[in-house]
Amino acid sequence: MMRNNTVVIAVVLLATCCIANANASASANEFDGVRTSFNSDWKFSREARGGAEAPQFDDRSWQPVTLPHDWAIAGPFEPKYNARNGGLPFHGTGWYRKRFSLPTDAKGKAISVAFDGAMYNAHVYINGKFLGNRPFGYVGFQFDLSEHLKFGEGESNVIAVKMSPEDLSTRWYPGAGIYRNTWLEINDPIHVGQWGTYVTTPEITDSYAKVAVRTTIENSSDNASNPTIVTSVLDEKGKVVAETSGELAVDGRSIADLNQHLKVSNPIRWDVENPYRYQVRTEVLLSGKVVDTYTTPLGIRTIEYSANKGFLLNGIHVPIQGVCLHHDNGPLGAISNRRAIERKLQIMKSMGVNSVRTSHNPPSPELVESADQLGILLQVEAFDVWKIHKQMVAKSYNLYFDEWHERDVRDMIRQHRNNPSVIMWSIGNEIMEQGAKDGGKVARKLTEIAHDEDPSRLVAAGFNNPVGAIKNGLADEVDIIGLNYKPLMYESVHKEHPDWLLLASETSSVTSTRGVYHFPIEKYKTHDSRHVTSYDLIGPPWAYPPDVEFEYLSRNPFVMGEYVWTGFDYLGEPTPYGGKDHSGDGYWNADWPVRSSSFGAVDLSGFPKDRYYLYQSQWTKEPMVHVLPHWNWENKAGETIPVYAYTNAEEVELFVNGKSMGKKKKGIDKADIHVDFLRWDTEGEKDKVWKSPFRLGWDVEYEPGSIKVVAYTDGEVVAEKEIKTAGPPAKIHLVPDRKEIQADGQDLSYVSVLIEDKDGNLCPNAENLVRFFVDGAGEIAAVGNGNSSTVELFNVDYRRAFYGKAMLIVRSKAGEKGEIHIRAYSDRLAEAKLKIESH
Ligand code: GAL
């Protein structure tokens, strides 16, 4: 939800110029309903102590920054920080200051500053006055500045924000500072309030959709007012397809609601394949003149949940093929960058993902908007902790729960309840209250708040202790029972509670490192390499290979589907390395420098691991086949190499150096996998080896050359893949995900840096150090390579390849259009050049 961009664009330029230059004159109406980015020209310090809120405070030595900003991602990685949190310096105090001026014409307007989220415990001051604080780092908040501002020539205002994320406050890398976008809003005193619309579709048929809109109008003047509210539904082309208008009375210094009803003919549904997006435009008129324009997203779709049939979108059963995602964007840190987020979701979608759980906290607006746009269903989660903290994170949300939970849940829902992608709320993940006496009471309160804010969606929670949650009544207080890592319980829980809506809210937790294979295939806890084999079966004690979850979901189709832990690797939680929840001081540095997770199907830079293809083989229809491992095994000639193929076709034939190793049929010729997992033998399946119908496997005698898999359906070749033994590294190959980006200072091109032999084969063991030069209309935003066990920095102009690959992230420069020239060098390798356009 936002002020209407189409109306705003022309005005934004004016307003931005006027904010920067108090001399410029503007008529009063030029500020009506204007929301401008407030991201530029901030200053930042980690040294400042008292007094930094004072307007006259000397910040000349502070670092100039543009928001969103994550101070910790610059590093260094050091064991004096906690590997559980990425081994990065995220805790402590950081101050931000920004000086800005406003023209005299803006006087009398309602002026506020909005933060989409700030990590953690923001204290906000304007011109030395304390406006308030907001502890929770993941929720948007806004402060009214109007009373404290100065206007006109020669006057300036200073906003100061103190952030103080704490050590031992989180189980992953949170980021640090004002890591999401900020906005300045200049409105007429009569305007749509913050998140001031609630749009629902009470009835949808093929010929019409009823749209109900509740608009909250805020009057920040002393006088009563009678605005007219014109509400329209616009289609994707911007054409008005329904319109209504109404009046309401708002007393001075108060708010009032107006309910309106519209009808859209022949609605186009929003769904995962065709996420058609309407918009609701709200215009506030005084004496016939528009004083505010506000836009709300609208997707016309129905959602239903059934204890027997699972989840239904537009009346059709859609099994949830979901992943959990933490909020960080790998080498860019926790900053909310629209392109980084969109790319993350696109990569997930290409894996077959149709849903994301925003584990374990409210997402950024960019994530929700990208999900709307790409057709990805969201479970939006509120908390990882209520009143009782988890082990060794004593300073987490538990410190704030009593005072803030209601406000945080209401605000999370108000912010995202109009987005069609959101299909359910979650009030918590593996909350300790599952085992506490009053757990049910707390859950009831949270569920009631969620229902009150949004009766159109159900409320879930993820249980790792369902027995406790059932016993203490907590499970009865949510609408959807999320089971974390309990495939072997689906059947019995359903039998005992046939009315319950069941969801596999967290699954798998298998770990792997891209490019790494250990022989023979065996289950181990940790490995000397500090990496994890990519044969896709190693995980912590509560984990199950993806195959086991596939099997139990197919046996129990009443479960809505699963959210895999996780889609992408994330910073922090280096399981199986580093430590345990129970370690003495809460630090997970036992296997330093392992400092990020290996749970992802995709690594921290966005390179798919083998597991990505295992999910793709279950979740997509476009014919595909994948083979592992790579085929560069020095000194292993004659030894046995286990080969797996993942496919969605009927059968696969494996060729080694052109010689057929035989065809195998998916589902019939099963591959042995080690499944010595929790509760396994309670099912009578005591064997430590399970025959997976989801993989095809061969044991092959190694000889250099090539392996090739050919996939067939109905006897026809539908997909194939070949891996050749690569010769020595000879050149660098740069492959951008986008060759044209926008010159807005935010847009990104992710350039894959591949080390290849002279014939263009990827060298799967290469670790050449590559240096980058970027000039012209862009710059280096970050570098990475997916290695979870390194202290190499992200914000430098070089990177060592990790198993043949590295990632260069290039960002456009604001307002500089033209070519971006990229060159990559490495000793003894042919250099590479690339040109990207910035428009
Ligand atoms: C779950 C937890 C996740 C993550 C995962 C790792 O129990 O909900 O946040 O810690 O384990 O396997």
Side-chain angles (χ1 to χ4, degrees), residues 82-86 138 168-174 322-328 356-363 379-386 388-393 396-398 426-435 460-469 474 481-487 489 503-513 523 525-526 532 536-546 548-549 562-583 586 588 594-601 604 611 677-679 788:
N82 194 344
R84 190 184 196 185
N85 305 124
Y138 297 99
L168 302 178
S169 61
T170 158
R171 301 189 298 113
W172 54 85
Y173 175 70
V323 288
C324 301
L325 290 180
H326 270 317
H327 65 299
D328 77 59
V356 165
R357 170 183 184 224
T358 68
S359 48
H360 301 298
N361 36 257
Q379 183 199 74
V380 169
E381 189 152 78
F383 303 124
D384 191 47
V385 166
W386 294 346
I388 311 174
H389 67 80
K390 293 179 175 167
Q391 268 152 346
M392 297 300 162
V393 281
S396 48
Y397 192 71
N398 55 296
S426 162
I427 53 172
N429 170 61
E430 301 189 351
I431 293 298
M432 298 304 282
E433 278 80 351
Q434 293 166 106
F463 300 130
N464 62 333
N465 174 12
V467 175
L474 202 159
I481 309 293
L483 297 171
N484 289 9
Y485 310 100
K486 300 290 175 290
M489 284 179 73
L503 173 69
S505 39
E506 208 172 300
T507 62
S508 185
S509 263
V510 154
T511 50
S512 59
T513 311
K523 203 170 171 233
K525 281 206 174 90
T526 55
V532 184
D536 296 336
L537 59 114
I538 304 290
W542 54 89
Y544 294 89
V548 172
E549 196 62 48
E562 66 171 317
Y563 287 104
V564 175
W565 191 266
T566 49
F568 264 66
D569 279 348
Y570 50 93
L571 292 159
E573 202 171 33
T575 309
Y577 298 100
K580 289 242 183 312
D581 286 323
H582 317 280
S583 74
W588 282 26
V594 194
R595 48 71 176 152
S596 55
S597 85
S598 314
F599 290 111
L604 202 63
R611 217 150 11 102
F677 294 100
L678 209 60
R679 294 191 189 82
S788 53

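One-based numbering, in listed order, for ligands and for the atoms of each. What you see below is based on every heavy atom in this structure, not just the backbone, and it leaves out hydrogens, waters and symmetry mates.
Using modelled atom types, one side-chain atom of Ser597 and one backbone atom of Tyr570 make a donor-acceptor pair closer than 3.5 Å.
Partners of Ser505 under the side chain to side chain donor-acceptor pair (under 3.5 Å) rule, at least two apart in sequence or in another chain, are Asn484. Partners of Thr511 under the side chain to side chain donor-acceptor pair (under 3.5 Å) rule, at least two apart in sequence or in another chain, do not exist in this structure. Residues satisfying the salt bridge (charged side-chain N to carboxylate O under 4.0 Å, His left out) test with Arg357, not counting sequence neighbours, are Glu381, Glu506.
In this structure, CG in Asn464 is found 4.5 Å from CD in Gln434, a value given to the nearest 0.5 Å.
Using cut-offs of 30° and 60° for the angle between ring planes, the Phe599 and Trp565 rings count as perpendicular.
Enumerated by chain and number, the residues approaching ligand 1 to less than 4.0 Å through a heavy atom are Arg171, His360, Asn429, Glu430, Tyr485, Glu506, Ser509, Trp542, Trp565, Glu573, Phe599.
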